[in-house]
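The sequence lines fix the lettering, A, B, ..., with proteins before strands; numbering per chain opens at 1.
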2 protein chains.
Amino acid sequence: MQREPRANVVPAMGRQERGAVQLKDLAKQLNVSVSTVSRTVNGTGRVSAETRKRILAAIERTGYRPNEIARSLKRRSARTLGVVLADISNGFCSKVIKGVEKVASENEYSVFVCNTDEDVGREEDYVRLLLQNQVGGLVIATVGADSRLFQPYLDAGIPVVFIDNLPSMADSYNLVAIDNVKASRAIAQHLADQGHRQIAMLTGPLHQSTAAERTRGFREGLADSGIALEDEWIGVGEFKRESGYRIMREWLEREVCPTAVFAASDFLLYGAIQAIYEKGLTIPGDIAVACFDASDETGLLRPGITSVVQPAFEIGALAADLIMRRERNKEVKRFEKIVLEPNVVLRESSLRQL
Amino acid sequence: MQREPRANVVPAMGRQERGAVQLKDLAKQLNVSVSTVSRTVNGTGRVSAETRKRILAAIERTGYRPNEIARSLKRRSARTLGVVLADISNGFCSKVIKGVEKVASENEYSVFVCNTDEDVGREEDYVRLLLQNQVGGLVIATVGADSRLFQPYLDAGIPVVFIDNLPSMADSYNLVAIDNVKASRAIAQHLADQGHRQIAMLTGPLHQSTAAERTRGFREGLADSGIALEDEWIGVGEFKRESGYRIMREWLEREVCPTAVFAASDFLLYGAIQAIYEKGLTIPGDIAVACFDASDETGLLRPGITSVVQPAFEIGALAADLIMRRERNKEVKRFEKIVLEPNVVLRESSLRQL
DNA sequence: TTGAAAGCGCTAACAC
DNA sequence: GTGTTAGCGCTTTCAA
């Protein structure tokens, strides 16, 4: 195919050879240099009022948008954030993402979302892939405890913010999370106050710091009321529905079974509740229940579930904001730990007198 | 500060000047050219078995990973997918994302997730931002009907897949969705079969094709049973809880009110149900209800809600797969429309005899 | 089979 | 104020 020789005949809006208008096209059109255009686009350096106006007009007219990939290559960092979470369908996770997204979009950042399904291998793959994509920061609820995974981020000066579990690092990490111990203590206190003495806990893998902390806090809280949390009534599974169901069923088979159950995650509890109902028991009549992050998008669930409500949106927003602040002040190299107050909401599922 | 003059003294694993090991580092170490390393990394072009082995070993040893940004710039397309949806907290949306993500990660793609909250302005911003980020494809449940927004994608040959609403384009788009008309007809049929005659519909903005189709299908389905869907019983709002609540309340104030309500989205219905309960009425005793995409993550909702269940995960996966196929066969420029069969699940919320 | 070199679109010295 | 130019890290002709 022959090149069109009389290119000038083609008006400015004519078919573009390949893709979008770019810096040099504008420069050529306006008889200025690419750097002048670049400077006005970025508002950096001086440009005379008149040329600026012409350039802005041309940008408007042509709909020019800078190629973010080229910018990122030059800058060696993309205006993107990676968010790595267990499961986007989970209310906590989706709210965290929304929080991250809000702050990100305010800063013209885009957000990569990655579901690990609590699979350590997938987490590793994503963490690496995001690094290859030169994300400006990483927000992660990690399930693998191996902190070496994040070393390349430290080396590259890319902020990593943990919002849930902590890997086994000394001090070189950022954290935005609630005080899990305190939250669990509060629930323990509440169940004890309600008169329960046979109390069980459903929790996740204890090598995950959240599972460990929530269990510890719960045990301590019960101890404060002179109640022992027996080992046999600490059900350790995965943070999944099936685990809660299975463990609760086993408990219900025994001669004595708990009158109150606290779960370290919502799905664990939903599984347990299913087991309780299948046995023909009622909540809170026969068994009181509570958990972390009960989230009922429908607003129709009865009974309402007593719950530690993490400020998930805020956690996401704060995590993203931390990254943005680091981005602005590259010099500030300290690590930040933001620990939020837990919020406990009492609902019917644990209230004896209704 | 003075440069270290005896650089060779520093072992290979020593502190890197800046960031990660890259192609030219490997090339230098192994006394081969960057192109040879590049060829073995990508498995393109011929490389002798021996050098290939040495290079792979070095990659393993150094943990080299190609910089995706640089690749993207060269390729003029990033290995990323954009997903633009109303609200990640919605069960339909989160499942779509998971479907997209599954296929994407199988292809070493990353996924940008964007919540529009049904705001046309935000949708536009995101669509443009994703283009600037050179996404390899776009999966979108659009709310704005202006097809010009997507023209730059067409021009650049970037596949756009609609999974919900259609913009007002002629034929040049891809679609993966269920047959909304058919699904709504089925619900209409069911409610008529249950003996209902005063039937109402809650729907979204009628300029959105899904809202329009669902309404049309429902009307046609009722007509098949000789029932007219009165205009006054078509409640048009936003696809949000508040709309459902507000409209249902109005209906409940009237002398005659519907005995069955069908909602074009889950949140619309949840709002309506709240209004029904506040009025002291029961479901399905007083009013039968059904909707699109009732999703109960807890599994504890009673009554279960009769619903058109879109295969959301599959929709996402098919949409992503379509993009991947286009990516492989750039030559294939046709557009695809994949219409899936609707799946209707009858539950207690609409069953008279329980 | 391998290497040299030209970009991909942009930013930022540095020179004028 | 403005322009020239050297890369950012990679892929890909084109020669050798």
Side-chain angles (χ1 to χ4, degrees), chain A residues 16-56 59 62-79 108 131-136 152 156-157 330, chain B residues 16-55 59 62-79 108 131-136 152 156-157:
Chain A
Q16 276 141 13
E17 186 73 45
R18 142 165 232 132
V21 39
Q22 54 198 65
L23 224 41
K24 67 170 175 232
D25 300 328
L26 290 185
K28 204 170 297 171
Q29 273 187 36
L30 303 173
N31 272 313
V32 295
S33 73
V34 288
S35 43
T36 302
V37 183
S38 172
R39 280 189 288 253
T40 83
V41 168
N42 295 291
T44 131
R46 257 124 268 290
V47 179
S48 79
E50 215 228 317
T51 40
R52 143 180 256 95
K53 201 161 66 180
R54 286 174 56 220
I55 292 174
L56 290 178
I59 289 174
T62 60
Y64 168 76
R65 303 272 157 181
N67 178 324
E68 272 301 322
I69 296 292
R71 284 179 151 181
S72 302
L73 180 60
K74 183 73 192 162
R75 198 189 312 121
R76 297 150 134 211
S77 168
R79 280 207 248 273
E108 303 263 318
L131 184 70
Q132 290 183 245
N133 277 291
Q134 308 268 90
V135 291
K330 274 292 190 192
Chain B
Q16 278 140 12
E17 185 74 44
R18 145 164 230 132
V21 40
Q22 54 198 65
L23 225 41
K24 67 168 178 234
D25 301 326
L26 291 183
K28 205 171 295 173
Q29 272 186 35
L30 302 173
N31 271 314
V32 294
S33 73
V34 289
S35 41
T36 303
V37 182
S38 173
R39 280 190 289 255
T40 83
V41 168
N42 295 291
T44 129
R46 257 120 276 286
V47 179
S48 79
E50 216 227 317
T51 39
R52 143 178 258 94
K53 202 161 66 184
R54 285 174 55 220
I55 292 173
I59 289 175
T62 59
Y64 167 77
R65 304 271 157 182
N67 178 324
E68 273 301 322
I69 296 291
R71 283 179 151 182
S72 302
L73 180 60
K74 186 72 193 161
R75 199 190 311 120
R76 301 155 126 200
S77 167
R79 281 207 247 274
E108 304 261 321
L131 184 70
Q132 290 184 246
N133 277 291
Q134 308 267 89
V135 292

Legend entry - Nearest-Å distance for atom pair CD1/C1', residues A:Ile69 and C:dG7: 17 Å

Legend entry - Spacing of A:Ile59 atom CD1 relative to C:dC10 atom C1', expressed in whole Å: 14 Å

Inset, instruction - Going 5' to 3' through nucleotides 11-16 of chain C, assign each nucleotide B (protein heavy atom under 4.0 Å from a base atom), S (under 4.0 Å only from sugar-phosphate atoms) or - (no protein heavy atom that close). - result: BB----

Legend entry - Residues which pass salt bridge (charged side-chain N to carboxylate O under 4.0 Å, His left out) with A:Arg71, listed by chain and number, not counting sequence neighbours: A:Glu68

Inset, instruction - Starting from the 5' end of DNA chain C, give me the residue, A:Arg65 or B:Ser33, whose nearest nucleotide shows up first. - result: B:Ser33

Legend entry - Whole-Å distance separating the CZ atom of B:Arg76 from the P atom of D:dT12: 12 Å

Inset, instruction - Indicate whether any N or O donor in one side chain lies under 3.5 Å from an N or O acceptor in the other, for A:Thr36 and A:Ser33. - result: yes

Inset, instruction - Using side-chain hydrogen bond (donor to acceptor under 3.5 Å, both in side chains) as the criterion, list what pairs up with A:Thr40, not counting sequence neighbours. - result: none

Legend entry - Nearest-nucleotide 5' precedence on DNA chain D, A:Val32 against A:Gln134: A:Val32

Legend entry - Distance in angstrom units between A:Leu30 CG and D:dG3 C1', rounded: 15 Å

Inset, instruction - For B:Leu131, check side-chain contact (heavy atoms from CB on, under 4.5 Å) against everything at least two apart and list the hits. - result: B:Pro152, B:Tyr153, B:Ile158

Legend entry - B:Leu26 CG - C:dG3 P separation (whole Å): 13 Å

Legend entry - Five-pair end axes of the helix from C:dT1-D:dA16 to C:dC16-D:dG1, angle between them (10°): 40°

Legend entry - Straight-line distance of B:Ile69 CD1 to A:Lys74 NZ, nearest 0.5 Å: 15.0 Å

Legend entry - Non-neighbouring partners of B:Arg54 that pass side-chain contact (heavy atoms from CB on, under 4.5 Å), sequence neighbours left out: B:Leu30, B:Val32, B:Glu50, B:Thr51

Legend entry - Integer-rounded Å distance: D:dG9 P and B:Lys28 NZ: 12 Å

Legend entry - Reported CZ-to-CG distance for the pair B:Arg65 and A:Asn133, which is rounded to 0.5 angstrom: 12.5 Å

Legend entry - Comparing B:Arg52 and A:Lys24 on DNA chain C - which has the more 5′ nearest nucleotide: B:Arg52

Inset, instruction - Could I get the full list of side-chain contact (heavy atoms from CB on, under 4.5 Å) partners for A:Lys24, not counting sequence neighbours? - result: A:Gln22, A:Val34

Inset, instruction - Measure the shortest side-chain to side-chain distance between A:Tyr64 and A:Val37 over non-hydrogen atoms and say whether it is less than 4.5 angstrom. - result: no

Inset, instruction - For the side chain of B:Leu73, starting at C-beta, report the closest nucleotide among C:dT1, D:dG1, D:dG9. - result: D:dG9

Legend entry - Contact under 4.0 Å: A:Thr51 side-chain N or O vs D:dT2 OP1/OP2: yes

Inset, instruction - May I ask you to decide if B:Pro66's main-chain N or O and A:Gln132's side chain share a donor-acceptor pair within less than 3.5 Å? - result: yes

Inset, instruction - Rounded off to whole Å, could you give me the CG-to-P distance for the B:Asn133 and C:dG9 pair? - result: 15 Å

Inset, instruction - Report the distance from atom CG of A:Asn67 to atom P of D:dC8, rounded to the nearest whole Å. - result: 18 Å

Inset, instruction - Determine the contact category for B:Asp25: base if any of its heavy atoms lies under 4.0 Å from a base atom, sugar-phosphate if only primed atoms, P, OP1 or OP2 are that close, otherwise nothing. - result: nothing

Legend entry - N/O (side chain, A:Thr36) to phosphate O (OP1/OP2, D:dG3) under 4.0 Å: yes

